[in-house]
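One is the number of the first residue; the rest follow in order along the sequence.
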Amino acid sequence: MDSTASTSPTTPPVPNVPLDVTDQQNSALLDDTLALLSNGVPEKNDQHGLQEIERWEQVLRASERTGLAKIIQELVTLREQLTTADTSPHALAETLATLGAETSKVADETTDGYSGPLAQLGKQLIKLGSALSR
């Protein structure tokens, strides 16, 4: 046996396939999120809420729309806050309010059928942020 030959198995690289999200999936994600938030702010470490945040992160990262970086950044912050034991309600309130404001901006710039649901989501996030800051 040749002593310079590699003995470790080679694993073919996993191709980086972009996430393709249909309009129907976007609508379902918006509906799911609005339904989740209609029950109030998810509790810390609530798996359903954390999964929704993760889904949004993935969808927004895969989107080719401009102006989503701040929303993605705030989603990451929110996920971290919800998994950290010592996050203050005020910090959560600020993150939710920022997410709401940024979502409302995107809703104002949207010309397709998502404008209404996005505006509703933005308002809901701002409302939840206000409720937490009291």
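With sequence neighbours left out, the side-chain hydrogen bond (donor to acceptor under 3.5 Å, both in side chains) criterion links His90 to Glu94. Ala97 is linked by a side chain to side chain contact (heavy atoms under 4.5 Å, CB included) to nothing, counting only residues two or more places apart in sequence or in another chain.
Here CD of Glu74 is found 5.0 Å from OG1 of Thr77. Values are rounded to the nearest 0.5 Å. Separation of atoms CD1 (Ile72) and CG (Leu99) is listed at 11.0 Å; rounding is to 0.5 Å. With rounding to the nearest 0.5 Å, the separation of CG in Leu92 from CG in Leu82 is 5.5 Å. Residue Trp56 holds its CH2 atom at 8.0 Å from OG1 of Thr103, rounded to the nearest 0.5 Å. Interatomic distance, OG1 of Thr84 versus CZ of Arg79, reported as 10.5 Å (0.5 Å rounding). In this structure, CD1 on Ile126 lies 10.0 Å from CD on Glu102, to the nearest 0.5 angstrom.
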- Task: Determine, step by step, whether Leu121 and Leu37 satisfy the side chain to side chain contact (heavy atoms under 4.5 Å, CB included) criterion, reporting the C-alpha distance in whole Å, the side-chain angles of both residues, the deciding distance to 0.1 Å, and the verdict.
- Result: CA-CA 9 Å; Leu121 178 58; Leu37 294 178; 3.6 Å; yes

- Message: Thr33 vs Gln124, test: side chain to side chain contact (heavy atoms under 4.5 Å, CB included). Steps then yes/no.
- Response: CA-CA 10 Å; Thr33 303; Gln124 186 70 20; over 6 Å; no

- Task: Start with the C-alpha gap between Thr95 and Gln81, add the side-chain angles, then the distance that decides, and say whether side chain to side chain donor-acceptor pair (under 3.5 Å) holds.
- Result: CA-CA 9 Å; Thr95 302; Gln81 289 173 332; 2.9 Å; yes

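One finds no salt bridge joining Lys105 and Glu109 here, because no Lys/Arg side-chain nitrogen approaches an Asp/Glu carboxylate oxygen to under 4.0 Å.
In the hydrophobic cluster analysis, where Ile, Leu, Val, Met, Phe, Trp and Tyr join through side-chain heavy atoms closer than 4.5 angstrom, Leu75 is grouped together with Leu34.
No side-chain heavy atom of Lys123 sits less than 4.5 Å from a side-chain heavy atom of Lys127.
Heavy-atom minimum distance, Ser115 versus Ala107: OG-O, 3.1 Å. Shortest non-hydrogen contact noted between Ala93 and Leu132 is CB-CB, 3.8 Å. For the pair Leu68 and Ser63, the tightest heavy-atom approach, listed with the atom from each and the gap, is CD1-OG, 3.6 Å. For the pair Gly100 and Leu125, the tightest heavy-atom approach, listed with the atom from each and the gap, is CA-CB, 3.6 Å.
Every pair passing salt bridge (Lys or Arg N to Asp or Glu O under 4.0 Å) that includes a residue from residues 24-39 is listed here, sequence neighbours excluded: Asp32-Arg55.
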